Number of protein chains: 2
Amino acid sequence: MKDVAARAGVGLKTVSRVVNGEPGVTPETERRVQEAIDALGFRRNDSARVLRKGRTASIGLVLEDLADPFYGPLSRAVEEVARAHGALLINGSSAEDPDREQELALALCARRVDGLVIIPAGDDHRYLEPEIRAGVATVFVDRPAGQIDADVVLSDNFGGARDGVAHLIAHGHRRIGFIGDMPRIHTAAERLRGYKAAMEDADITVADSWMSLGVTDPERVRRAAEEMLSGSTPVTAIFAGNNRVTVTVVRVLAEQQRPVALVGFDDIELADLLDPGVSVVAQDAAALGRTAADRLFRQLDGTLLGPERIELPTRLITRGSGELPPAG
Amino acid sequence: MKDVAARAGVGLKTVSRVVNGEPGVTPETERRVQEAIDALGFRRNDSARVLRKGRTASIGLVLEDLADPFYGPLSRAVEEVARAHGALLINGSSAEDPDREQELALALCARRVDGLVIIPAGDDHRYLEPEIRAGVATVFVDRPAGQIDADVVLSDNFGGARDGVAHLIAHGHRRIGFIGDMPRIHTAAERLRGYKAAMEDADITVADSWMSLGVTDPERVRRAAEEMLSGSTPVTAIFAGNNRVTVTVVRVLAEQQRPVALVGFDDIELADLLDPGVSVVAQDAAALGRTAADRLFRQLDGTLLGPERIELPTRLITRGSGELPPAG
DNA sequence: TAGGGCCTGGACAACGTTGTCATATGCAAG
DNA sequence: CTTGCATATGACAACGTTGTCCAGGCCCTA
């Protein structure tokens, strides 16, 4: 900028004015400055600007795994909102590791992001207290924050799972299996709770062998599914706790002789093309991201009162697999 | 930091030394400083640090659409490499709009990212010349840069398409349709070239009605597919130019009476569960991202000679749809 | 024509950090 | 006891920008 000023024969501040489109510069002067800028290929250094102004016009997104198709639309929605507010998005993946989540969140704070959207991996977020006090807007998505009071945007995991299981029950099933992630993950716990509630509402006693918790890698999901399909009281339907589980269960069911009903949590691509189509309880990932980001910027505007918990509804999509009658 | 220094009763520079783990500080002093840091909840302001040091330890990623499942693994791979180099990833989507790509890339440069990984939307990247001269490492992925000489990492779109079409020919097809994106997109043009090459190699004259270019939204893809399947010389097989096209074509084929063979470019999830399984020419998105990011950091190390063009091989995955014999 | 107000332009400090250099302290060797 | 050296610490400038404040020139009015 110094060079530009020298070349244009004007003061430093005048260049600054031109660069930022501030008023109070003669067209003639502006032209000279613009010329110098072009000639030197000058571009404002936002680091210095940030240092001076305090705000960085960037927000951080800590998610679990970008390669998970569920987070693509979410991340995209957050970016869209950020863009609408003229902010850039810095993101990183925690890989479901609480330490990495913390490291990442703090690194983003050190970069002085204006706000943070976090899909938590851990369950203790007190480490963020100093940052929040220092003015970093914070919104948790998909899972609630641990040990601190903060904005949270999540799907109605409990209600969605309950409805999904009730749907199976309505189609005549009573022996219904549940395969889900570790209950220490909030979403998994809520979905399990929804499963149990639906079963209880229908006065069905759940056998332990119908529930498989904490399995997540395909091989173990496969084994879990196969076990609950054999045994002495085999299930006639399965409720899959997340998209990865659903995909594996679909594979297992394709190999079965008799038809087994299936409802999955989270939508999966091409679910309608399979035979039968896979019925799912769908969450709106984009809406989650959009809502969270909106809320973040409203925190920054100061138009918000206190932390809130927002629950977005899920939607049951029937495609065939959830409407199969019990067999065997 | 000033406050920390005051509280610990030491100089500014000593605090800086402690924060950065530099040597030359008595354990006793270090303890006092550490104590003050904890008490005040101090965290280093990386903006100021960046301003002073010149390097930001962050790289930018400009991609087309995060919600496209192809870019999830790519983005994740880039992030992984960045993380290994202690860098953060800032990203944004161009939405296939050249102006937006430029705006985004320049915004990232203004933030003084150390390097840029770009999936180009436009075909003129001369706007980056000043930045590259100024030392911003730059790598293009998936599609080559326009009008400038820069590192490029892409899949062998030509070879992949040629092999895919040749595969159909090997299974007896001669009337093969091609549905692809606008040829102004490099990947689309290359794949079309591959299709034509394979047909020519087999001495097949391609009818204009077999090729549909520039269609991209599902409704038009559907119509294009239906047209080439009816007509006077209906095709017996279709080569789909990208994952979105493939999905739509699968839907259309499911409604057809007679079996139609299909090979798609890009893998799609659950392709193996469909009936028939969808044969595809798969690119390794993660490898693309990893290679590009590696190259970026090697540019920054200075261990690179000049711009290079790296082509990654594709892989034909046979699952059934591409092995159907011609019918009708 | 003189005085006042407006408009343009510039000097300077400050943001928070780090690199450079100088100073102080302690210890060993001469 | 002095000199020399190593080590610990701090003072200060600089990174590039913007906010504040002031100066000078112009026009308008009385």
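To find a chain, count down the sequence lines: A is the first, B the second, and so on, and within it residues start at 1. Here the structure is a predicted model, which is why all the values come from computation and not from measurement. Heavy atoms only: backbone and side chains are in, while hydrogens, waters and symmetry mates are out.
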Cationic N near anionic O, under 4.0 Å, B:R83 to B:E80: no
Atom-to-atom span, CZ of A:R52 to C1' of C:dC15 - whole angstrom: 6 Å
Base C:dG16 to side chain B:K2, donor-acceptor N/O within 3.5 Å cut-off: no
Short side-chain N/O contact to C:dT17 OP1/OP2 from B:S16, under 4.0 Å: no
Interatomic distance where CZ belongs to A:R17 and P belongs to C:dG9 [whole Å]: 8 Å
Rounded distance in Å - CG (A:L12) to P (D:dT20): 17 Å
Nearest heavy-atom neighbours spanning B:G92 and A:E79: CA-OE2, 3.4 Å
Closest non-hydrogen atom pair between A:P120 and A:R143, with its separation: O-NH1, 2.8 Å
Short side-chain N/O contact from A:N20 to OP1 or OP2 of D:dT18, under 4.0 Å: yes
Sugar-phosphate, base or nothing in reach of A:S47, heavy atoms under 4.0 Å: nothing
Touch class at under 4.0 angstrom, heavy-atom based, for B:V19 against every strand present: nothing
Integer-rounded Å distance: D:dT17 P and A:M1 CE: 4 Å
N-O pairing of B:E308 and B:R298 below 4.0 Å: no
Flag side-chain contact, heavy atom, 4.5 Å: B:V4 against B:V19: no
Sugar-phosphate, base or nothing in reach of A:V25, heavy atoms under 4.0 Å: sugar-phosphate
side-chain N/O B:T14 vs D:dT9 OP1/OP2, d < 4.0 Å: no
Spacing between A:E28 atom CD and C:dT8 atom C1', to the nearest angstrom: 13 Å
From C:dT8, D:dT17, C:dT17, nucleotide with atom closest to B:F42 side chain: C:dT17
A:G24 or B:R44, whichever maps to the more 5' nucleotide of DNA chain C: A:G24
Closest listed nucleotide, where the reference is the side chain of A:K13 and the choices are C:dG10, C:dT17, D:dT17: C:dG10
Lys/Arg N to Asp/Glu carboxylate O, B:R184 vs B:E96, below 4.0 Å: no
Sugar-phosphate, base or nothing in reach of A:V50, heavy atoms under 4.0 Å: nothing
Atom-to-atom span, CG of A:N45 to P of C:dG16 - whole angstrom: 17 Å
Short side-chain N/O contact from A:T29 to OP1 or OP2 of C:dG9, under 4.0 Å: yes
Length of the CG-C1' vector between A:L51 and D:dC15, whole Å: 9 Å
Sugar-phosphate, base or nothing in reach of A:K53, heavy atoms under 4.0 Å: sugar-phosphate
Nearest-angstrom distance from the residue atom CG of A:D46 to C1' of D:dT17: 10 Å
